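Values below: every heavy atom of this structure, side chains too, minus hydrogens, waters and symmetry copies. We number each residue from 1, following the sequence as shown. The structure presented is a predicted model; accordingly, all values stated were derived computationally and were not measured.
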Amino acid sequence: MNPGGNIRMYFSGELEPGRSCTLPPPQAHHAMRVLRLKRGEPVILFNGDGAEYAAVVVEASRDRFALDVTGRDVMDREAPFAVTLAQAVSSGERMDYTIQKAVELGIAAIQPLEARRSVVRLSAERAERRIAHWQAVVIAACEQCGRNRVPQVSPLTPLDAFLAARGSSKDGERRVLLSPRSARRLREFDPPQGSIVMLSGPEGGFSPEEERAAEQAGFLPVRLGPRVLRTETAAVAALAAMQVLWGDF
């Protein structure tokens, strides 16, 4: 459900009250053919700057879809702590589901990873296309859930390179590794004093060697109950638990 009931749309350009904007062809087609917006209808626009903009459709033709921006409101719907989800790539709709729900639950950034047991192996060209697709999933989720800041999907990175690049923890950053092998639970942690980086494995989980490497990089293993969760469930469940324990639920 969209906050306020109005249709929300992402616009990648500058937005300012008193000015007009024209949607690019793919968005214009979606606005007319899927959303069936017509001249005079109100819309909420956002571009990731943290505000949302009241707008009205002033032209809806095959050649041009334009809106007049009439107002600006800074509406903060971000989580009280920033979480980067470092997610090993899963196949097809599983990865889409994880990203979509992570955005709804307030994730701040997404880092796709290549792990030893990853089912999906992407060439450079395919990886670039998938990153663009996942960023579109993020935007659509922001349109739906009311967020006015758009989490960034980083380029696909091998797990070992990601761990090597982390360096030492700084600014109170908490590093969490989702692991069914751990005995520690999220409720045993104190509320975070800074950001969180959460590492979540692929369909087959991280190998013992990968888990050891993550621990050496400062990631603390955490178990999500006595049941083994699927890859598309684990991160979503952990984020929901964090929001209950420390967030805005």
(message) For the CD atom of Q193 and the CZ atom of F81, what is their distance to the nearest 0.5 Å?
(response) 12.5 Å

(message) Is any side-chain heavy atom of E41 closer than 4.5 Å to one of I7?
(response) no

(message) Can you confirm whether R166 sits close enough to E173 that some side-chain heavy atom of one is under 4.5 Å from a side-chain heavy atom of the other?
(response) yes

(request) Would you check, one step at a time, whether the test salt bridge (charged side-chain N to carboxylate O under 4.0 Å, His left out) holds for R19 with E14? (result) CA-CA 10 Å; R19 296 179 60 179; E14 184 179 351; 3.6 Å; yes

(message) Please check: side-chain N/O of Q243 versus main-chain N/O of D248, any donor-acceptor pairing under 3.5 Å?
(response) yes

(request) Find out if a path of hydrophobic residues (ILVMFWY) with successive side-chain heavy-atom gaps under 4.5 Å connects I110 to V176. (result) yes

(request) Please check if atom CD in E188 has more than 12 non-hydrogen atoms from other residues, nucleotides or ligands closer than 6.0 Å. (result) yes

(message) Measuring only between side-chain heavy atoms, which start at C-beta, is R175 closer than 4.5 Å to L199?
(response) no

(request) Answer yes or no: is there an ion pair linking R212 with E215, defined by an N-O contact shorter than 4.0 Å? (result) no

(request) Assess whether atom CD of E125 is packed by more than 12 heavy atoms of other residues, nucleotides or ligands within 6.0 Å. (result) no

(request) Give the cluster check for L239 versus L245: same hydrophobic cluster or not, with ILVMFWY residues linked at side-chain heavy-atom distances below 4.5 Å. (result) yes

(message) Less than 4.5 Å apart, side chain to side chain, heavy atoms only: is that true for L156 and R130?
(response) no

(message) Using 0.5 Å steps for rounding, measure from the CG atom of L224 to the CG atom of L229.
(response) 5.5 Å

(request) Looking only at non-hydrogen atoms, find the nearest pair between R62 and M32 and report the distance. (result) CA-CE, 4.2 Å

(request) Dump the intermediate steps for side chain to side chain contact (heavy atoms under 4.5 Å, CB included) on Q27 and F65, then the final yes or no. (result) CA-CA 9 Å; Q27 276 189 298; F65 192 97; over 6 Å; no

(request) For residues A238 and M198, report the shortest heavy-atom separation together with the two atoms involved. (result) CB-SD, 3.5 Å

(message) Please tell me whether F189 and L177 are part of a single hydrophobic cluster in this structure, the criterion being side-chain heavy atoms less than 4.5 Å apart.
(response) no

(request) Look up atom OG in S90 and atom CG in D96, then write down how far apart they are to the nearest 0.5 Å. (result) 8.5 Å

(message) Looking at every non-hydrogen atom in both residues, tell me the closest pair between G13 and N47 and how far apart they are.
(response) O-ND2, 3.1 Å

(request) Sequence neighbours left out, what pairs pass side chain to side chain donor-acceptor pair (under 3.5 Å) with at least one residue falling in residues 97-109? (result) K101-E104

(request) Could you check if a side-chain atom of S182 sits within less than 4.5 angstrom of a side-chain atom of E211, using non-hydrogen atoms only? (result) no

(request) Look at atom CZ of R36 and say whether more than 12 heavy atoms of other residues, nucleotides or ligands are closer to it than 6.0 Å. (result) no

(message) Quick check: closest heavy atoms across P17 and G71, and the distance to 0.1 Å?
(response) CG-C, 3.9 Å

(request) Look at the side-chain heavy atoms of Ile, Leu, Val, Met, Phe, Trp and Tyr, link any pair under 4.5 Å apart, and say whether V83 and V150 land in one connected group. (result) yes

(message) Which label fits F219 and F162: parallel for a plane angle under 30°, tilted from 30 to 60°, or perpendicular past 60°?
(response) tilted

(message) To the closest 0.5 Å, what do you measure between CD1 (I139) and OH (Y10)?
(response) 5.0 Å

(request) Locate the shortest heavy-atom distance separating A55 from T70; write the atom from each residue and the value. (result) N-OG1, 4.0 Å

(message) Under a 4.0 Å threshold between the charged nitrogen and the carboxylate oxygen, would R117 count as salt-bridged to E210?
(response) no

(request) Would you mind listing every side chain to side chain donor-acceptor pair (under 3.5 Å) that reaches into residues 223-235, with sequence neighbours excluded? (result) Q87-T231, R230-E232

(message) For a quick test of reading the model, state the closest non-hydrogen atom pair linking V138 to P151 and the distance between them.
(response) CG1-O, 3.4 Å

(request) Determine whether E128 and P155 make a side-chain contact, defined as any pair of heavy atoms from C-beta on separated by less than 4.5 Å. (result) no

(request) Indicate if V103 and I196 have the same hydrophobic cluster label, given that clusters are the connected sets of ILVMFWY residues with side-chain heavy-atom separations under 4.5 angstrom. (result) yes

(message) Would you compute the distance between atom CD of E16 and atom CZ of R72 and round it to the nearest 0.5 angstrom?
(response) 9.5 Å

(message) Counting C-beta onward and ignoring hydrogens, is there a side-chain heavy-atom pair between R129 and L122 closer than 4.5 Å?
(response) no

(request) Would you sort out whether Q135 and Q152 count as a side chain to side chain contact (heavy atoms under 4.5 Å, CB included), showing the intermediate values? (result) CA-CA 7 Å; Q135 192 67 60; Q152 185 68 35; 3.5 Å; yes

(request) Look up atom CD1 in I107 and atom CE in M242, then write down how far apart they are to the nearest 0.5 Å. (result) 8.0 Å

(request) Answer yes or no for R147 and F46: cation-pi contact, defined as NZ/CZ to six-membered ring centre under 6.0 Å and angle to ring axis within 45°. (result) no

(message) How about NE2 on H133, more than 12 heavy atoms from neighbouring residues, nucleotides or ligands closer than 6.0 Å, or not?
(response) yes

(message) For L85 and S200: C-alpha separation, side-chain torsions, deciding distance, then whether side chain to side chain contact (heavy atoms under 4.5 Å, CB included) applies.
(response) CA-CA 8 Å; L85 172 58; S200 182; 4.2 Å; yes

(message) Is it true that Q111 and T157 share a donor-acceptor pair across their side chains at a distance under 3.5 Å?
(response) yes

(message) I want to check something: taking the side chain as every heavy atom from C-beta on, are W246 and L186 in contact at a cut-off of under 4.5 Å?
(response) yes

(request) Output, in order, the C-alpha distance, side-chain angles, deciding distance and verdict of side chain to side chain contact (heavy atoms under 4.5 Å, CB included) for E114 and V89. (result) CA-CA 6 Å; E114 288 180 321; V89 173; 5.7 Å; no

